[in-house]
Amino acid sequence: MASIANDPGGLRRILFRDIDGKRKTIRLGKMGLDKAKEIKRHVEDLLLVRKHPSIELEKRTRIW
């Protein structure tokens, strides 16, 4: 669903396709891979709920 891209200088971004099929980018800036993976999981949770409104949002994402 989403992927992490590494840019020069240690910058990271998340790439994904929204429910309308358009490719989107979230620029994260400089951060470690573990933190980027955590944000990616939240983005995937949000996309899933947006695509299937009957599914409840994960607690960790609601808190985030």
Side-chain angles (χ1 to χ4, degrees):
M1 286 201 359
S3 61
I4 299 171
N6 299 311
D7 291 336
L11 301 173
R12 299 195 194 274
R13 57 191 161 116
I14 295 177
L15 305 166
F16 63 94
R17 291 205 183 270
D18 202 355
I19 60 169
D20 60 1
K22 293 183 181 177
R23 191 166 175 97
K24 306 284 182 164
T25 301
I26 300 173
R27 297 187 186 279
L28 302 175
K30 282 190 176 186
M31 69 172 47
L33 184 58
D34 290 339
K35 185 65 174 172
K37 285 180 180 179
E38 178 184 341
I39 294 170
K40 176 183 161 260
R41 282 193 303 269
H42 292 305
V43 169
E44 290 174 337
D45 287 347
L46 292 168
L47 289 170
L48 181 64
V49 169
R50 190 159 179 221
K51 187 174 181 179
H52 303 285
S54 62
I55 296 175
E56 188 174 328
L57 191 60
E58 293 279 336
K59 183 178 179 180
R60 64 181 179 188
T61 302
R62 282 194 315 259
I63 293 170
W64 179 68

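All residue numbers refer to positions in the sequence shown, counting from 1.
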Check: residues 49-64 side-chain donor-acceptor pairs under 3.5 Å, at least two apart:
{"from": "Arg50", "atom 1": "NH1", "to": "Asp18", "atom 2": "OD1", "distance (Å)": "2.7"}
{"from": "Arg50", "atom 1": "NH1", "to": "Asp18", "atom 2": "OD2", "distance (Å)": "2.9"}
{"from": "Glu56", "atom 1": "OE2", "to": "Arg62", "atom 2": "NH1", "distance (Å)": "3.1"}
{"from": "Arg60", "atom 1": "NE", "to": "Asp45", "atom 2": "OD2", "distance (Å)": "3.3"}
{"from": "Arg60", "atom 1": "NH2", "to": "Asp45", "atom 2": "OD2", "distance (Å)": "3.3"}
{"from": "Thr61", "atom 1": "OG1", "to": "His42", "atom 2": "ND1", "distance (Å)": "3.0"}
{"from": "Thr61", "atom 1": "OG1", "to": "Asp45", "atom 2": "OD2", "distance (Å)": "2.7"}
{"from": "Arg62", "atom 1": "NH1", "to": "Leu57", "atom 2": "O", "distance (Å)": "2.7"}

### Query
Partners of Arg23 by side chain to side chain donor-acceptor pair (under 3.5 Å), sequence neighbours excluded?
none

### Task
Before accepting this row, confirm whether a basic side-chain N of the pair Glu38/Lys35 lies closer than 4.0 Å to the acidic partner's carboxylate O.
yes

### Query
Under a 4.5 Å side-chain heavy-atom rule over Ile, Leu, Val, Met, Phe, Trp and Tyr, are Met1 and Val43 clustered together?
yes

Would you give me the side-chain donor-acceptor pairs under 3.5 Å for residues 4-11, sequence neighbours excluded?
{"from": "Asn6", "atom 1": "OD1", "to": "Arg12", "atom 2": "NH1", "distance (Å)": "2.3"}
{"from": "Asp7", "atom 1": "OD1", "to": "Arg13", "atom 2": "NE", "distance (Å)": "3.0"}
{"from": "Asp7", "atom 1": "OD1", "to": "Arg13", "atom 2": "NH2", "distance (Å)": "3.2"}
{"from": "Asp7", "atom 1": "OD2", "to": "Arg13", "atom 2": "NE", "distance (Å)": "3.0"}

#### Entry: Distance, nearest 0.5 Å, that separates CD of Glu44 from CD1 of Ile39
12.5 Å

